[in-house]
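First comes the structure, then the notes that go with it.
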Amino acid sequence: MGNREIIDQGDRYLLPTYARYPLALVRGQGMRVWDADGRQYLDFLAGIAVCNLGHCHPRVVEAIRDQAGRLLHVSNLYYIEPQGELAQLLVEHTFANKVFFCNSGAEANEGAIKLARKFQKDRGEPRRVEILSAAQSFHGRTLATLTATGQDKVKVGFDPLPAGFRHVAYDDLGALEAAVGPETAAILLEPIQGEGGVRVPSPGYLRAVRELCDARGALLVFDEVQVGMGRTGTFLACEHEGVAPDLCTLAKGLGGGVPIGALLTTEVAGRSFGPGSHGSTFGGNPLATAAALATVRTIVGEGTLEHCRAMGAYFADALRSLAASCPSVTGVRGRGLLLGVELRTGVLARDVVQGLMARGFLAGTAGDQVLRFAPPLIVEKEEIGALLVALDDVLQGL
Ligand SMILES: *Cc1c(COP(=O)(O)O)cnc(C)c1O
């Protein structure tokens with residue numbers, strides 16, 4: 001089928017929950033993807049920070065092929081070899097001591113919310129049930145995680161929402177200090193806000209939040225679903241600030257394109273998830289964990305993180321010089337290879353994305369006014385250069 005047939009079929013049979021671009025992608029390799037009519041694109045979104053090693057990375061593909069021919073699924077009633085190996089690798093490269101696997105970012109955050117509440121009850125603090133999260137945050141689309149999300153647009157029509165959630169301004173320590181109380185179970189934060197507009201908090205903010213949690217008896221939960229997995233140049237984004245949470249959630253980039261999520265915890269916090277307390281049929285299944293094992297090994301080895309840091313700095317510099325000569329751009333922010341370009345009022349990010357698409361480049365938005373770039377961590381200077389030429393052209397034409 002060509003683009004048109006695929007689009008028509010989707011429009012006819014799928015619930016229209018996504019504002020999709022009129023494009024059907026059918027093949028990918030590294031930085032490149034092809035649509036059903038054979039047109040090539042350089043992918044500067046990577047499935048929204050999912051394909052961190054690029055499309056169809058040979059090590060990930062080989063691991064999936066190998067595992068698919070051996071064992072696709074068994075229940076978590078049994079031990080699963082790649083699941084344990086992946087957990088060990090994640091523990092060796094993070095603050096965590098224990099891992100629980102699930103299938104998505106929302107599900108990982110659900111697990112974190114459940115664990116935080118149960119942890120407080122287990123230590124004799126049954127009143128501590130409230131989850132504090134940030135305005136403009138994004139934590140998922142299940143009932144609990146959309147309630148934790150600090151954006152009204154995801155909530156409209158879905159009430160009654162679960163109780164025990166409250167929002168405070170992001171990057172505002174005073175507001176958080178005022179909000180934490182004897183009912184707070186945990187503070188849930190993205191170390192950098194992704195969907196909320198690629199917002200990097202002030203230096204020292206996350207460390208101060210850590211100290212606040214310790215002083216007031218709340219757990220600190222980092223949602224690294226988007227910014228983890230090497231996206232910002234360190235394996236977890238919180239490493240930049242030298243801060244470790246009690247719980248951390250991962251998903252998007254973890255499986256190299258295969259759906260998988262994870263909840264990482266310290267030894268102490270993890271004790272509250274005993275047998276029967278939480279579970280998932282597919283969580284950590286052999287296929288997903290084999291793919292993630294190959295993905296994580298490649299991200300922490302082979303110079304991937306160094307390359308991400310170098311390309312991120314190059315890309316950000318190039319965007320800042322473009323901004324200096326282009327009145328449509330009012331700011332550039334982000335870290336590593338998660339970059340946001342803020343556009344002047346009246347310029348819609350979606351229109352710029354469509355202009356880039358017409359020139360053979362995929363990019364994203366983070367809110368109405370912010371362009372989002374999250375290319376594979378293997379992106380090269382020449383590709384960044386080509387994108388910048390196209391972006392300049394689109395912005396000049398506005
Ligand atoms: C994408 C995202 C989620 C939700 O992940 P799903 O896999 O879509 O459920 C949660 N938190 C953050 C920060 C995200 O970017």
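All ligand and atom numbering here is 1-based and tracks the order in the structure. Please read these numbers as outputs of a predicted model, since none were measured by experiment.
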(request) Specify side chain, backbone, both or neither for Ala251, according to which of its non-hydrogen atoms lie closer than 4.0 Å to ligand 1. (result) neither
(request) Could you check which of Gln226, Glu107, Lys252, Arg141 puts a non-hydrogen atom nearest to atom 2 (C) of ligand 1? (result) Lys252
(message) Distance alone, cut at 3.5 Å: any donor-acceptor contact between the side chains of Gln120 and Arg117?
(response) no
(message) Distance under 4.0 Å to a non-hydrogen atom of Glu190: what atoms of ligand 1 satisfy this?
(response) 13 (C)
(message) Under a 4.0 angstrom heavy-atom cut-off, which atoms of ligand 1 come close to Ser104?
(response) 7 (O), 9 (O)
(message) Could you check whether any side-chain heavy atom of Phe158 comes within less than 4.5 Å of a side-chain heavy atom of Thr147, counting everything from C-beta outward?
(response) no
(message) Is it the case that the side chains of Gln9 and Glu5 hold a donor-acceptor pair, with the cut-off being a distance below 3.5 Å and no angle test?
(response) no
(request) Could you tell me whether Val225 and ligand 1 have an N or O pair separated by under 3.5 Å? (result) no
(message) Side chain, backbone, both or neither: which applies to His139 and ligand 1 if a contact is any heavy-atom pair less than 4.0 Å apart?
(response) backbone
(request) Select one of side chain, backbone, both or neither to describe which atoms of Asn109 lie under 4.0 Å from any atom of ligand 1, heavy atoms only. (result) side chain
(request) Would you mind checking which non-hydrogen protein atom is closest to atom 11 (N) of ligand 1, with the distance to 0.1 Å? (result) Asp223 OD2, 2.7 Å
(message) Looking at Lys252 and Glu224, is any side-chain nitrogen of the basic one under 4.0 Å from a carboxylate oxygen of the acidic one?
(response) no
(message) Between Asn76 and Gln83, do the side chains contain a donor N or O and an acceptor N or O under 3.5 Å apart?
(response) yes
(message) Could you identify the single nearest non-hydrogen protein atom to atom 9 (O) of ligand 1 and state the distance to 0.1 Å?
(response) Ala106 N, 2.8 Å
(request) Flag the pair Val129 / Lys121 as yes when at least one side-chain heavy-atom distance between them is below 4.5 Å, and no otherwise. (result) yes
(message) When you compare the side chains of Glu195 and Gln226, does any donor N or O come within less than 3.5 Å of an acceptor on the partner?
(response) yes
(request) Compare Ala148, Gly228, Gly105, Cys102 and give the one whose heavy atom is closest to atom 6 (P) of ligand 1. (result) Gly105
